[in-house]
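Encoded as structure tokens, the structure appears first; notes follow it.
Both ligands and their constituent atoms are indexed starting at 1 by order of listing.
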Amino acid sequence: MHVVVNAAMSVDGKLASHRREQLAISGPEDFDRVDRIRAAADGVIVGVGTVVADDPHLTLDVTDRRVQRQRHGRPGNPARVVADSTARTPLDARILDDEATTYLLVSEQTSEERRTKLADAGAEVIVVGDDRVDLAAGIDRLADEGIERLMIEGGGELIFSAFDAGLVDELSVFVGSQLIGGRDAPTLADGDGFTEEFPVLTLDDIEQLDDGVVLKYTVEA
Ligand SMILES: NC(=O)c1ccc[n+]([C@@H]2O[C@H](COP(=O)([O-])OP(=O)(O)OC[C@H]3O[C@@H](n4cnc5c(N)ncnc54)[C@H](O)[C@@H]3O)[C@@H](O)[C@H]2O)c1
Ligand SMILES: Nc1nc(=O)c(N)c(NC[C@H](O)[C@H](O)[C@H](O)COP(=O)(O)O)[nH]1
């Protein structure tokens, strides 16, 4: 499985304000770039924090010719995936509509009743992990479903976990030109933070887009 992380952050490294409201850091050119990364992926995963905050749809703008080229030979949208240990995804979340397959990775903490409700609402529920979703195990299960390239779209808790588990192959981050501030605002990598053995990235490319810059890295094995 090849795993790529993409996110947009302010110049001070925040993914959103401390209110966690939907906030466009990217401009139109960067959102087009995000669409092309989605189009090149077989699956797009977010944490349930992002589902609750943004109610994202995670589908493609199929009117974009470059997106169509990326999907060459692969019909439809990539699968949508949510890491959701306690099955908090709302039953009316936009990611549960029928425009793409949606996998919910949940832990053993979820009741059969809740799993059934989410399955009835359109989700494919996969149980991985006792208290919390075991991301590595989840990725193995997604590979069994034919997902070979996975895009992680955030937020900061999920991105940290993916780095912590050594699962990330590539990172691209758009750095916008606003300053958001706030000690409680989500950042690119939250979680508990590293204290030793910090992941080391190699800078491969820099591109100016909109009023910001895209930094592309590969992650050392
Ligand atoms: N600017 C961007 O590119 C961007 C992208 C995505 C989200 N966001 C913003 O980020 C915020 C949400 O981020 P967040 O960090 O609060 O939530 P998140 O989306 O990272 O979700 C975290 C939640 O996922 C669940 N989870 C299940 N298994 C997990 C695991 N193994 N590791 C980590 N989490 C796991 C937990 O309930 C956890 O609380 C929102 O404000 C959203 O707008 C911004
Ligand atoms: N690349 C990027 N730039 C941003 O400025 C921003 N706010 C997000 N945020 C990611 C978050 O997951 C959003 O909710 C989805 O980008 C929405 O996705 P949809 O359009 O609903 O498919 N992502």
*Determine the minimum heavy-atom distance between I95 and V51, stating which atoms define it.*
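Smallest heavy-atom distance, with atoms named: CD1-CG2, 4.4 Å.
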
Taking 4.0 angstrom as the limit, do [X] and [Y] come out as a salt bridge?
| X | Y | result |
| --- | --- | --- |
| R38 | E153 | yes |
| R80 | D97 | yes |
| D30 | R33 | yes |

*asked:* Can you work out which protein residues put a heavy atom within less than 4.0 Å of ligand 1?
replied: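 The 4.0 Å shell around ligand 1 contains A7, A8, L15, A16, R20, I25, G47, V48, G49, T50, A53, D54, A83, D84, S85, R88, R132, V133, L135, E153, G154, G155, G156, E157, L158, S161, P186.
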
_F163: partners by ring pair (Phe, Tyr, Trp, His ring centres under 6.0 Å), with sequence neighbours left out_ =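 Counting only residues at least two positions away or on another chain, F163 forms no ring pair (Phe, Tyr, Trp, His ring centres under 6.0 Å).
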
*Does CD belonging to E220 count more than 12 external heavy atoms closer than 6.0 Å?*
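Correct, the count exceeds 12.
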
*Would the number of heavy atoms belonging to other residues, nucleotides or ligands and lying under 6.0 Å from CD of E145 be above 12?*
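For E145, atom CD is crowded (more than 12 foreign heavy atoms under 6.0 Å).
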
*asked:* Measuring from atom NZ of K216 to atom CD1 of I206, what distance do you get when rounded to the nearest 0.5 angstrom?
replied: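 The distance works out to 11.0 Å.
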
Between ligand 2 and the protein, which N/O pairs fall short of 3.5 Å?
residue, atom, partner, partner atom, Å
ligand 2, 3 (N), S26, OG, 2.6
ligand 2, 5 (O), I25, N, 2.7
ligand 2, 5 (O), S26, N, 2.9
ligand 2, 5 (O), S26, OG, 3.4
ligand 2, 7 (N), L23, O, 2.8
ligand 2, 14 (O), D54, OD2, 2.9
ligand 2, 18 (O), R38, NH2, 3.0
ligand 2, 21 (O), H57, N, 2.8
ligand 2, 22 (O), R38, NH1, 3.0
ligand 2, 22 (O), R38, NH2, 3.3
ligand 2, 22 (O), L58, N, 2.8

*Who else is in the cluster with F31 when I, L, V, M, F, W and Y are joined by side-chain contacts under 4.5 Å?*
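Its cluster partners, ordered by chain and number, are none at all.
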
